[in-house]
Amino acid sequence: MNTPEQNFAALGLNLPPAPKPLGVYKPCLIDGKYLYLSGHGTVQDDGTLIIGRVGDNMTPEEGKVAARQVGLAILATIKANIGSLDKVKRVIKVLGMVNCTPDFEKHPFIINGCSELFAKVWGDDNGIGVRSAVGMGSLPDNIPVEIEALFELM
């Protein structure tokens with residue numbers, strides 16, 4: 001059985017730099033055995049953001065890729081703050097917000113980009129938690145996806 005770090009390495013993906021807060025908040029907080037992560041955006045490897053609105057200038061497939069990128073930013077914050085993905089026991093909750101047009105209805109499809117990544121890293125039993133996927137009229141800097149998450153630590 002592979003560790004989460006080994007599973008991530010096998011994906012051949014890069015982690016972007018861990019995002020810095022854009023307001024007055026902590027990117028993460030450890031409370032006992034729980035790791036709370038603030039909302040993360042679409043930070044890319046070069047530090048720039050994926051920009052767009054699903055249903056307007058971005059397709060659902062592009063939105064799903066953006067959600068995976070948010071998942072990578074979350075993984076970067078985990079590694080920057082606790083050192084290893086192996087220190088996370090499981091995903092407890094994901095809240096995914098999609099910047100989309102009012103008529104867009106496939107929010108869960110978009111957030112699957114992040115959830116599928118977590119399932120590949122921690123496995124189906126530990127990588128899939130409870131989840132909400134909702135549409136928003138806008139998100140900071142016109143990013144297409146923002147996700148916050150709660151994890152249980154080892």
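Throughout, residue positions are numbered sequentially from 1 according to the sequence presented. Note that this is a predicted model, so its numbers are computed, not measured.
Pairs passing the salt bridge (charged side-chain N to carboxylate O under 4.0 Å, His left out) check and including a residue from residues 97-115, sequence neighbours excluded, do not occur. The list of salt bridge (charged side-chain N to carboxylate O under 4.0 Å, His left out) pairs with a residue in residues 127-138, not counting sequence neighbours, is empty. Every pair passing side chain to side chain donor-acceptor pair (under 3.5 Å) that includes a residue from residues 60-76 is listed here, sequence neighbours excluded: Thr59-Glu62, Lys64-Glu116. Within the structure, ring-ring contact (aromatic ring centres under 6.0 Å, His included) contacts touching residues 37-87 (residues at least two apart or in different chains) do not occur. Listed by first and then second residue, the ring-ring contact (aromatic ring centres under 6.0 Å, His included) pairs that reach into residues 46-66 come to none, sequence neighbours excluded.
Side-chain atoms of Asn142 do not come within 3.5 Å of backbone N or O of Ile51 as any donor-acceptor pair. Using a distance-only test at 3.5 Å, with no hydrogens or angles considered, a donor-acceptor pair links the side chain of Asp86 to the main chain of Glu5. With Arg53 contributing its side chain and Gly137 its backbone, the two residues share a donor-acceptor pair below 3.5 Å.
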Can I get a per-line list of side-chain donor-acceptor pairs under 3.5 Å for residues 118-127, giving both atom names and the distance, sequence neighbours left out?
{"unit_1": "Trp122", "atom_1": "NE1", "unit_2": "Leu85", "atom_2": "O", "d": "3.3"}
{"unit_1": "Trp122", "atom_1": "NE1", "unit_2": "Val88", "atom_2": "O", "d": "3.4"}

Anything under 3.5 Å between a donor and an acceptor, one on a side chain of residues 144-154, the other on a protein residue two or more places apart or in another chain? List them.
{"unit_1": "Glu152", "atom_1": "OE1", "unit_2": "Arg90", "atom_2": "NE", "d": "2.5"}
{"unit_1": "Glu152", "atom_1": "OE1", "unit_2": "Arg90", "atom_2": "NH2", "d": "3.0"}
{"unit_1": "Glu152", "atom_1": "OE2", "unit_2": "Lys33", "atom_2": "NZ", "d": "3.4"}

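Lys93 is linked by a side chain to side chain donor-acceptor pair (under 3.5 Å) to Ser132, counting only residues two or more places apart in sequence or in another chain. Under the side-chain contact (heavy atoms from CB on, under 4.5 Å) criterion, Pro21 pairs with Tyr25, Pro27, sequence neighbours left out. Residues that satisfy the side-chain contact (heavy atoms from CB on, under 4.5 Å) test with Asp46, not counting sequence neighbours, are Gln44, Thr48. Evaluation of the side chain to side chain donor-acceptor pair (under 3.5 Å) rule for Asp56 yields no partner, not counting sequence neighbours. Partners of Asp45 by side chain to side chain donor-acceptor pair (under 3.5 Å), not counting sequence neighbours, listed by chain and number: Asn14.
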